Amino acid sequence: MNLTYFGHGAFGLEADGHRVLVDPFLSGNPAAVTDPGSVTAETILLTHAHNDHVGDTVEIAKRCGSTVIATFELANWIGSQGVKKTIGGNFGGTIPFPGGTAKFVPAWHTSSYSGSDGVVVSGVPAGYVVRCGGKTIYFAGDTGLFLDMQLIGEEGLDVAIIPIGDHFTMGPDDATKAVKMLHPKLVIPGHYNTFPAISQDASSWKKQVESQTDSKVAVMQPGEVIELQGGQ
Ligand code: NI
Ligand code: MN
């Protein structure tokens, strides 16, 4: 399975010919090097409604005929924008998609989309435990640290993708505590260095995590793809 980092909170999965995008914020993303017209997706997972996560979802979904999975209120709003296939779920629920499943787990954050007339949709944010291509991957979305990450760790994570940027989410020290509860084989930091407010030194965070836990850290550059193989 291939995992792509597009910068900020935007990721892609490709397994068994199925393509999934998570929070595809590409146009207007200072960290992104990928044009939204160059990506395709059968399935798009949204963690919450903030503009830096919904991003190019509507455009991509219309062009590709993608199914958009999100919490109920956000899925309804995406549907109201002309996206034909949406699935609204909620916490504890597991939603099947072609090639895998996505389970809604909590995230401590807020959720709203701002249009030119102000806030047009609100609701609650989520994270996902995705099973796809023989791997179990936790997408934390935007969140602070919370003790129930222990329960998410019981899912048996191959990969955890967690924010380290601080200011809007947990910062590096709390993210290290998160790794200790999640105990993934591999952890990938996200949601940092996009804007000055979330500048972080990911390589020093990698040293901190790898000296305090058994998890390996992969610091990815926007546009980078890694292949997840057995035992990783
Ligand atoms: Ni957010
Ligand atoms: Mn965000």
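Order of appearance sets the numbers: ligands from 1, and atoms from 1 within every ligand. Excluded from the calculations below are hydrogen atoms, water molecules and symmetry mates; all remaining heavy atoms, backbone and side chain alike, are included. These numbers were taken from a predicted model, which means no experiment stands behind them.
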Asp52 backbone or side-chain N/O/S under 2.8 Å from the Ni ion (ligand 1):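 Short answer: no, not a single N, O or S atom is under the cut-off.
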Any N, O or S atom of His50 closer than 2.8 Å to the Ni ion (ligand 1):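 True for His50.
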Contact flag His191/the Mn ion (ligand 2), N/O/S atoms, threshold under 2.8 Å: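 So His191 counts as coordinating the Mn ion (ligand 2), yes.
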His53 near the Mn ion (ligand 2): N/O/S under 2.8 Å: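 Given the 2.8 Å cut-off, His53 counts as a ligand of the Mn ion (ligand 2).
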Atom name in Asp142, limited to N/O/S, at shortest distance from the Mn ion (ligand 2):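 Relative to the Mn ion (ligand 2), the closest nitrogen, oxygen or sulfur of Asp142 carries the name OD2.
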Minimum-distance N/O/S atom that Asp52 presents toward the Mn ion (ligand 2): OD2
Side-chain heavy-atom pair Thr176, Trp205 within 4.5 angstrom cut-off: yes
The Ni ion (ligand 1) to Asp142: nearest N/O/S atom name: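 Answer by atom name: OD2.
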Inter-residue atom distance Leu157.CG - Ile152.CD1, 0.5 Å rounding: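 Nearest 0.5 Å value for the CG-CD1 distance: 8.0 Å.
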Pair Thr136, Glu155: side-chain N/O donor-acceptor within cut-off below 3.5 Å: no
Ring-ring centroid check His191 His53, cutoff 6.0 Å: yes
Connected via hydrophobic side-chain network under 4.5 Å: Val124 and Tyr138: yes
salt_bridge(Arg19, Glu42) N-O dist < 4.0 Å: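 The answer is no: the pair does not qualify as a salt bridge.
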